[in-house]
Amino acid sequence: MVKSERPDSVGSTGETIAKEEAHNVAISDQRLLELGYRPEFRREMSLFGVLGISFCAIGILNGMSSAIQTGLFSGGPIGLFWGWHICSIFMFLISLSFGEICSAYPTMGGLYFWVCKMKPDVPILGFFTGWLYSMAMVFTGVSANLSVALYIASMAEVGQGRTLERVEIAAIAWAVNIFSGIVNTIGTKAIGRMSTLYVWWTLGGTVFLVVSLLVKAPVKNPAAFAFTNFQNFTGWDSKGFVVLLGFLQAVYTLEGCETAAQVAEEAVRAEILAPLAVVGSIAGSWLIGLAYLLSLLFAVQDIASVQATKFAIPIAQLFYDAVGPRLTQACLLVVMVSQVMAAITTYTASSRLFYALARDNAFPLKKQFTTLNRFQAPYWGVWTSVLIACLLSCAYIASAIAFNAMMSSAAIAVMLSYLQPIIIRVFWPDSLQEFGPFRLGRWSWTVNFASFLFIILVCVLFVLPTAYPVDVFNMNYAVVAVGGLLV
């Protein structure tokens with residue numbers, strides 16, 4: 001006969017766990033005090049929640065779906081497949097570099113605070129990084145919310161044969177903006193639960209998409225097509241350059257790993273959990289993205305059809321040709337829900353960054369932007385992000401070209417923000433005076449230098465024309481938009 005566990009034993013176990021949690025919180029809070037900040041947020045996020053934040057920000061399913069046409073038209077399958085691996089390797093190196101810095105400085109300022117701490121003799125560099133990255137986050141949120149609207153528009157086109165007007169698409173984007181603001185206003189617990197849900201949604205959604213594409217596609221492409229086929233819809237003659245342009249799809253998809261740092265002050269033992277989330281999100285996205293990418297390459301029926309599509313978003317045509325109208329709507333729904341959660345996360349990051357900037361007197365209205373509501377949310381930063389996003393969305397009504405230029409500048413702004421701490425670690429390797437538990441040791445400079453070279457290459461590619469001959473319709477206006485941000 002088995003004796004039941006005595007109540008006092010259960011109580012003792014519960015007390016031990018509570019004491020351990022309190023001890024871990026005390027360690028994290030003490031580290032924050034050493035960095036000069038008083039703990040304001042409750043530490044309610046676990047590793048799974050922090051990891052989910054970075055997964056959300058990367059948005060592997062929605063990121064790849066929204067940008068797949070870039071690779072299909074610039075290099076085709078050969079650029080997509082090999083570019084995915086090459087870019088994933090370098091983005092992983094960047095995440096290792098960020099993980100080391102984040103472990104030393106686990107605060108919600110993220111990139112901005114790292115630069116300020118490592119190069120205090122040049123304060124303008126930290127200020128520049130903070131503003132550039134905050135605008136990049138807001139612009140990314142605008143892009144994500146509009147993408148949700150475009151997925152919904154494509155579902156209407158596939159299911160009802162109705163083409164939405166630009167003003168209707170913008171109205172949907174405004175609604176998603178407001179919904180993102182509401183979720184972020186509810187606070188840390190809501191974001192933590194959503195990010196956990198996102199991990200499971202991504203895993204389940206990937207299985208659904210991969211199985212649907214591989215089972216239902218009328219024609220399965222051979223391995224030679226998926227791994228070596230070259231496509232060029234750009235007009236450029238250089239195959240090497242065209243393939244490099246296609247690499248931008250992978251870079252765009254994998255941006256966002258650093259977002260875990262934005263919630264570091266809301267996580268227990270952030271000096272361990274945050275860097276693990278930064279690095280783990282890239283490793284996981286690399287593998288999950290590979291599975292999804294392979295299914296797309298083996299199932300795509302006609303790349304020219306995708307290029308000539310009338311649907312609001314090109315991936316809808318790929319789904320339509322491969323799985324038919326009914327399953328296309330289901331596939332678009334899976335990606336659209338993923339995009340909604342990714343959009344919410346961008347405002348999580350931007351609002352915390354506004355809070356960090358205001359806390360350091362680098363942002364106006366300090367009292368307002370450092371005020372938390374009863375849900376522990378920096379609601380001024382949240383709704384400022386929503387307001388800016390709604391205003392920027394109006395540009396889509398007037399000109400899709402102008403809007404796309406603004407949105408493409410967000411991806412470059414993120415990479416330029418990445419560049420600041422990496423430059424410091426390369427040219428001033430002793431700038432990181434103290435280390436956390438996550439440390440690269442003797443490999444640190446090599447990792448940072450490789451990351452530096454890759455970021456420079458990507459920033460150059462992001463501003464080059466993607467089509468030839470260049471005209472007012474296909475010109476890459478991102479360089480103009482980025483110039484406006486820098487000014």
Side-chain angles (χ1 to χ4, degrees), residues 53 56-57 59 61-63 65-67 134-187 190-191 193-195 197-198 201-202 205 256 259 311-316 328-352 354 373 375 377-400 402-404 406-407 410:
I53 287 290
C56 266
L61 293 182
N62 46 277
S65 298
S66 299
S134 61
M135 289 300 100
M137 287 296 95
V138 174
F139 275 37
T140 301
V142 180
S143 178
N145 290 319
L146 183 74
S147 294
V148 174
L150 292 175
Y151 283 115
I152 293 174
S154 292
M155 291 172 68
E157 291 168 339
V158 172
Q160 302 176 357
R162 179 172 179 263
T163 301
L164 299 187
E165 300 293 333
R166 281 213 297 262
V167 66
E168 294 176 296
I169 294 174
I172 297 172
W174 294 334
V176 180
N177 270 317
I178 294 170
F179 176 71
S180 298
I182 292 171
V183 175
N184 274 285
T185 303
I186 296 174
I191 298 300
R193 289 168 182 165
M194 184 208 70
S195 62
L197 170 64
Y198 180 86
W201 184 269
T202 298
T259 310
F311 291 140
I313 201 158
I315 190 71
T328 292
Q329 292 201 70
C331 291
L332 289 173
L333 178 64
V334 168
V335 179
M336 186 268 289
V337 172
S338 173
Q339 184 72 79
V340 169
M341 290 188 276
I344 291 170
T345 305
T346 61
Y347 294 159
T348 304
S350 63
S351 62
R352 270 95 180 139
F354 289 152
N373 65 9
F375 298 110
Y379 61 97
W380 269 77
V382 171
W383 289 100
T384 297
S385 301
V386 172
L387 176 61
I388 295 173
C390 286
L391 292 174
L392 290 176
S393 297
C394 294
Y396 181 75
I397 301 174
S399 171
F403 182 84
N404 290 335
M406 285 193 298
M407 293 309 100

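Only this structure's heavy atoms are used, side chains among them; waters, hydrogens and symmetry mates stay out.
To the nearest 0.5 Å, the span separating CG on Leu332 from CD1 on Ile313 amounts to 8.5 Å. If you take SG on Cys394 and CZ on Arg166, they are separated by 13.0 Å, rounding to the nearest 0.5 Å. Here the CG-CG distance, from Asn177 to Leu392, works out to 9.5 Å after rounding to the nearest 0.5 Å. Tyr347 contributes atom OH, which lies 10.0 Å from atom CZ of Phe354 (distance to the nearest 0.5 angstrom). How far CE of Met341 is from CE of Met336: 10.5 Å, rounded to the nearest 0.5 Å. Taken from CG in Asn145 to CD1 in Ile172, the straight-line distance is 11.5 Å, to the nearest 0.5 Å.
Residues Ser66 and Tyr151 share a closest heavy-atom pair of OG-OH, 2.9 Å. When every heavy atom of Ser351 is checked against every heavy atom of Gly381, the shortest pair comes out as CB-C, 3.6 Å. When every heavy atom of Trp201 is checked against every heavy atom of Val337, the shortest pair comes out as CZ2-CB, 3.5 Å. Closest approach of Ala57 and Gly256 over heavy atoms only: CB-O, 3.5 Å. Across Cys56 and Ala342, no two heavy atoms sit closer than the pair O-CB, 3.1 Å. In plain terms, the two heavy atoms of Gln329 and Met155 that are nearest each other are OE1-O, 3.4 Å.
The only option from Val382, Val183, Ile191 that meets the side-chain contact (heavy atoms from CB on, under 4.5 Å) definition with Thr348 turns out to be Ile191. For the pairing with Val138, the side-chain contact (heavy atoms from CB on, under 4.5 Å) check across Ile388, Leu387, Thr384 returns one residue only, Ile388.
Between Ser393 and Val142 the shortest side-chain heavy-atom distance falls below 4.5 Å. By the 4.5 Å heavy-atom criterion applied to side chains, Ile186 and Tyr379 are not counted as neighbours. In this structure, the side chains of Thr345 and Thr259 come closer than 4.5 Å at one or more pairs of heavy atoms. Looking at heavy atoms from C-beta onward, Asn184 lies out of side-chain contact with Val386 at the 4.5 angstrom threshold. Between Tyr198 and Ile53, every side-chain heavy-atom pair lies at or beyond the 4.5 Å cut-off. Within the 4.5 Å cutoff, the side chain of Thr328 has no heavy atoms near those of the Phe311 side chain.
Thr140 and Thr346 are not linked by any side-chain donor-acceptor pair at a separation below 3.5 angstrom, with hydrogens and angles left out of the test.
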*What's the verdict on side-chain contact (heavy atoms from CB on, under 4.5 Å) for Val148 and Phe179, showing C-alpha distance, side-chain angles and the deciding distance?*
CA-CA 12 Å; Val148 174; Phe179 176 71; over 6 Å; no

